[in-house]
Protein chains: 2
Amino acid sequence: MTTGLRERKKLRTRRALGAAALELAVTHGLAEVTVEQIAEAADVSPRTFFNYFSSKEEAVVAADVERARDMGERLAARPAGEPVLESVRAVMRAMLGDAPRSREWIAQARLVKSEPSLVPQQLAAYAASERRLTAILAERTGLDATDLYPAVTAAAVMAAMRVATTRWLESDEHGDLAGVVDRVIDLLADGLRDAPAPGP
Amino acid sequence: MTTGLRERKKLRTRRALGAAALELAVTHGLAEVTVEQIAEAADVSPRTFFNYFSSKEEAVVAADVERARDMGERLAARPAGEPVLESVRAVMRAMLGDAPRSREWIAQARLVKSEPSLVPQQLAAYAASERRLTAILAERTGLDATDLYPAVTAAAVMAAMRVATTRWLESDEHGDLAGVVDRVIDLLADGLRDAPAPGP
DNA sequence: CCGCAAATATGCAGAGACTGCAAGATCGGC
DNA sequence: GCCGATCTTGCAGTCTCTGCATATTTGCGG
């Protein structure tokens, strides 16, 4: 089932637009970039841009949606018996290991941090990941899609990942992100039991 | 420290704009409502609208930000020794008890469900709640503001609340929301342990 | 190969969103 | 009552975003 030429071309266009939007925004600042410029950089008409994205902001965070898909596929590939939080741990470790992708991802995260108008779109992209994760967890556990367990788990996990990456960026990217991810997963697994003893 | 006339007036204007935006969007559909109409309904100039909100969408979900403040105050008022998740449980119960506010809140939630462009803004509003909650938890537990525990707890709790309300709305508002909230909190407290047995 | 039907891309026109700026109107304290 | 600070407003102008009609491309059966 090789996807037809049509679909591949569409995907390429979407990626080109997203990449162009991100790069232009990083170098010139989001406000200085117009849709026209993004379209030109991706070699399509401005009108076509809006066939793919409904705003500049959405295009800039398009890569997050792809990461969501990636994460979903990796999770689905984990052994069925593995505890959910451990699967997540393993998947995150693997994804963070992909250095080139990580670089682009960090650039985007920094941009979002400096451009408040991107925050809502970024969160919407995370929500897409969450829906995907919910579906996978429901299938994995054999629970009904309307059960609360898969939904709450997916939401909590995505929220924790978001916190991990945010904190890591805020701390000047000290230490390794994988370690932070480990710690937030531990917190979830411990049931958010009351405060650990204040540090030294 | 009675807040000055100036501040009170600003707050009234903000609320008037938010309420007008919500009501107009509910009755006519978001796309059919212009900023000019919202401004007129709130008795200010269109230009002034943009001094308060940066888009229609933001105005429509403005009430969420107020709810965030409310939730924050209620949480801060809980006894210091109470386990965090129990405080959240109690606060949610109390907030849901306020029927008139709940009505408006449900109307807004339904609108968001039917207008996808509101989702990002809604999530951003939740993020504001989350920041507030993080600060309160940090103070309560005496942990440093950069510690992961308050941030992860706040994020997980807000995510769970979001799931609870979404599911409740999707299930035709059967049963009581308070019960759903109880169940999602239980899931968090149990550390998202692997799947409960599939239902009957 | 050809030609048709569906899917995409593009151009165009227009309503509206949003912003910077400068001029008025109000508030709060002295 | 006066002054500085703050808010509101109008205006001009750019850019976003959409609907619609038209051209172009792709996938497929003949």
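Proteins get letters first, then strands, A, B, ... in listed order; numbering begins at 1 in each. Keep in mind that the numbers below use all heavy atoms, side chains included, and drop hydrogens, waters and symmetry copies.
Checking dA9(C), dC15(D), dT8(D) against the side-chain heavy atoms of Thr13(B) singles out dT8(D) as nearest. For Asn51(A), whose side chain is taken as the heavy atoms from C-beta onward, the closest listed nucleotide among dC17(D), dA9(C), dC18(C) is dA9(C). Distances from the side chain of Thr48(A) to the nucleotides dG16(C), dT10(C), dT26(D) place dT10(C) closest.
Geometrically, Arg67(A) does not engage Tyr126(A) in a cation-pi contact defined by less than 6.0 Å to the ring centre and at most 45° from the axis. Stacking of Arg183(B) on the aromatic ring of Tyr149(A) is not recorded, the 6.0 Å distance cut-off and the 45° axial limit not both being met.
Rounded to whole Å, atom C1' of dG16(C) lies 13 Å from atom CZ of Phe49(B). Distance Glu32(B) CD to dG19(D) P: 10 Å, rounded to the nearest Å. Separating the CD atom of Glu7(B) from the P atom of dT8(D) is a distance of 13 Å, rounded to the nearest angstrom. dT16(D) atom C1' lies 13 Å from atom CG of Leu30(A), rounded to whole Å. Atom NZ of Lys9(B) and atom P of dA25(C) are 14 Å apart (whole Å). In this structure, Lys56(B) atom NZ and dC17(D) atom P are separated by 12 Å, rounded to whole Å. Summarising the geometry, the separation between CZ on Arg8(A) and P on dT25(D) is reported as 17 Å, rounded to the nearest angstrom. Rounded to whole angstrom, the span from the CG atom of Leu17(A) across to the P atom of dT16(D) amounts to 14 Å.
Annotation: side chain of Glu7(A) is not in contact with side chain of Leu11(A) (no heavy-atom distance under 4.5 Å). Using a 4.5 Å heavy-atom threshold, the side chains of Val157(B) and Leu85(B) count as touching.
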Atom pairs, protein N/O to nucleotides 21-24 of chain C N/O, distance under 3.5 Å:
none

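In terms of heavy atoms, Arg132(B) sits closest to Ala68(B) at CD-O, 3.3 Å. When all heavy atoms of Leu177(B) and Trp168(B) are compared, the closest pair comes out as N-NE1, 3.5 Å.
Contact annotation for Tyr52(A): backbone-only contact, meaning every heavy-atom pair under 4.0 Å involves sugar-phosphate atoms and none involves a base.
Counting non-hydrogen atoms of neighbouring residues, nucleotides and ligands closer than 6.0 angstrom, the CD atom of Glu86(B) exceeds 12 such neighbours.
Both Val44(B) and Val33(A) lie near DNA chain D, and the one whose nearest nucleotide falls closer to the 5' end is Val44(B).
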